[in-house]
Amino acid sequence: MRILHLSDTHLDRFDGPNKHGVNATQSLRRMLADLAAVRDIDVVVVSGDVADDGSPEAYGAAREIVGEFASARNVPVLYSTGNHDERGAFSKILGSGHLDPSGNDRADSVIDTGRGERAAVSVIDGYRFITLDSLVPEKGYGWISEEQLTWLRGVLEEPAPHGTVLVFHHPPITLDVEVQHALGLRNPADLADAIRGSDVQLILCGHFHLQIFGYLESSAVWVTPGVVSRIDLTAPARTERAVRGASATLVQLGTPTSPMFHTLHARDPQVGETVYELDEPQLRAVIEKLGQES
């Protein structure tokens, strides 16, 4: 099983530069164009922040651009929601988030919590993929609701032939970085309880715009860097610097040494150039606004 893992495309309704001067649509197209020679992909996963503005036009662009790449390889695309996404528009354009190579909804089952949460299951070549919804409207941190966790426990009661992969936006692991602690998944222990003793072998996330590897219980956790930009941790402590350079990950399962991860980078002539910088007071304001509980 070879998974192309994308995250944080941050598309908007305009195919042009955003407030930081980055054309998110162009970044996604450049990333996928540079992946043209990467073959034997079985599924494409997009782990949230598909849209930056939550507009139907942004989801339409993702459906078209990523869908064209997937259709040419006859593989499905699985999307999950991130903190920038809007559930109504996501559902209208992407349905359950699980699309077959023709763009039709292909989820084997979905959750219905009455709040529009996007969680679904698809079995692909014996691997069970479960997307969860960690979106907390108007906040930067993530939370997986008790309804989703109860549903997840029920799904995991029966093992899949080759195991399970979870996909959601907010990582349940963090580096020793204040903004990650503030804006990551707020209830990782609850998720750990839900997957303990199950066949979940891998968790795929995004959100932090940089790559991290770790474990939750006995499940490997991979955080892929962003498509629209990546965070440069060489910036001074308690500040944040984002730089240009679309990235993705090729994930391999089913071998004696798996899971294996290979980070892929687009050949951007502006790679490494600063997108934005937040000094300590600016980053503190972001944390207070987006990390304070409702």
Side-chain angles (χ1 to χ4, degrees), residues 5-13 24 45-63 66 77-99 105 107 110-122 129-152 155 165-174 179-191 194-195 203-209 216 221 223-224 226-228 286-287 289-294:
H5 182 194
L6 307 172
S7 196
D8 297 276
T9 51
H10 285 270
L11 304 179
D12 58 33
R13 70 190 69 213
V45 165
V46 186
S47 59
D49 279 1
V50 181
D52 190 70
D53 61 358
S55 66
E57 293 86 353
Y59 296 110
R63 184 184 179 102
V66 181
V77 184
L78 311 181
Y79 297 89
S80 69
T81 51
N83 51 291
H84 280 265
D85 288 308
E86 199 283 317
R87 288 175 178 141
F90 180 105
S91 303
K92 180 180 179 181
I93 306 300
L94 300 177
S96 69
H98 291 216
L99 305 181
D105 206 301
V110 298
I111 195 173
D112 181 8
T113 63
R115 294 193 300 275
E117 290 175 306
R118 301 284 86 195
V121 181
S122 286
F129 287 81
I130 303 176
T131 52
L132 298 173
D133 186 339
S134 58
L135 163 63
V136 178
E138 300 182 5
K139 293 298 177 181
Y141 63 83
W143 186 272
I144 298 175
S145 67
E146 183 56 40
E147 291 93 334
Q148 289 186 74
L149 293 173
T150 299
W151 172 82
L152 176 63
V155 173
V165 178
L166 300 186
V167 180
F168 54 90
H169 189 59
H170 296 82
I173 60 172
T174 69
V179 68
Q180 291 186 11
H181 287 299
L183 302 184
L185 187 71
R186 285 287 177 88
N187 60 334
D190 295 337
L191 178 62
I195 67 174
I203 298 171
L204 299 177
C205 301
H207 188 47
F208 290 156
H209 291 231
L216 184 72
V221 180
V223 183
T224 193
V227 172
V228 71
V286 169
I287 292 172
K289 177 182 178 181
L290 300 179
Q292 187 174 19
E293 293 187 12
S294 303

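Keep in mind that the numbers below use all heavy atoms, side chains included, and drop hydrogens, waters and symmetry copies. Residue numbers run from 1 in the order of the sequence given.
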Quiz prompt | Separation between CD of Gln180 and CG of Leu185, rounded to the nearest 0.5 Å | solution = 13.0 Å

Practice problem: Could you verify whether a donor N or O on one side chain and an acceptor N or O on the other, from Ser47 and Ser7, lie under 3.5 Å apart? | Solution: yes

Quiz item: Hey, does Leu204 have a side-chain heavy atom less than 4.5 Å from the side chain of Thr224?
Solution: no

Quiz item: Is any side-chain heavy atom of Phe129 closer than 4.5 Å to a side-chain heavy atom of Val121?
Solution: no

Quiz item: Is there a side-chain contact between Val167 and Leu132, using heavy atoms and a 4.5 Å cut-off?
Solution: no

Practice problem: Report the C-alpha distance between Arg118 and Ser96 in whole Å, list the side-chain angles of each, state the deciding distance to 0.1 Å, and finish with yes or no for side chain to side chain donor-acceptor pair (under 3.5 Å). | Solution: CA-CA 6 Å; Arg118 301 284 86 195; Ser96 69; over 6 Å; no

Practice problem: Look up atom CD1 in Ile111 and atom CG in Leu152, then write down how far apart they are to the nearest 0.5 Å. | Solution: 9.0 Å

Quiz item: Is Val227 close to Asp8 at the side-chain level, that is, under 4.5 Å between some pair of heavy atoms?
Solution: no

Practice problem: Enter the distance from Asp133:CG to His170:NE2 here, rounded to the nearest 0.5 Å. | Solution: 9.5 Å

Quiz item: Can you find a pair of side-chain heavy atoms, one from Cys205 and one from Phe168, that are under 4.5 Å apart?
Solution: yes

Self-check item: Heavy-atom side-chain contact between Ile173 and Ile203 under 4.5 Å
Solution: no

Quiz item: Rounded to the nearest 0.5 Å, what separation is found between the CG atom of Leu290 and the CD atom of Glu138?
Solution: 10.0 Å

Quiz item: If you round to the nearest 0.5 Å, how far is CH2 of Trp151 from CD of Gln148?
Solution: 7.5 Å

Self-check item: Point-to-point distance, once rounded to the nearest 0.5 Å, from CD of Glu146 to OG1 of Thr113
Solution: 12.5 Å

Practice problem: Kindly determine whether His5 and Val46 satisfy side chain to side chain contact (heavy atoms under 4.5 Å, CB included), including the steps that lead there. | Solution: CA-CA 6 Å; His5 182 194; Val46 186; over 6 Å; no

Quiz item: Any side-chain donor-acceptor pair under 3.5 Å between Thr81 and His169?
Solution: no

Self-check item: His207-Asn83 side chain donor-acceptor pair, cut-off 3.5 Å
Solution: yes

Exercise. Specify the closest pair of heavy atoms between Val223 and Gly206, including all atoms of both residues, with the distance to one decimal.
Key: CG1-O, 3.3 Å

Quiz item: Side-chain contact, heavy-atom cut-off 4.5 Å: His10 with His209?
Solution: yes

Exercise. Please confirm whether the backbone N or O of Lys289 pairs with a side-chain atom of Lys139, one donor and one acceptor, at under 3.5 Å?
Key: yes

Quiz item: When you check the side-chain N and O atoms of Asp85 and Tyr79, is any donor under 3.5 Å from an acceptor?
Solution: no

Quiz item: Leu216 versus Ile195: any side-chain heavy-atom pair under 4.5 Å?
Solution: yes

Quiz item: Salt bridge between Glu293 and Arg186, side-chain N to carboxylate O under 4.0 Å?
Solution: yes

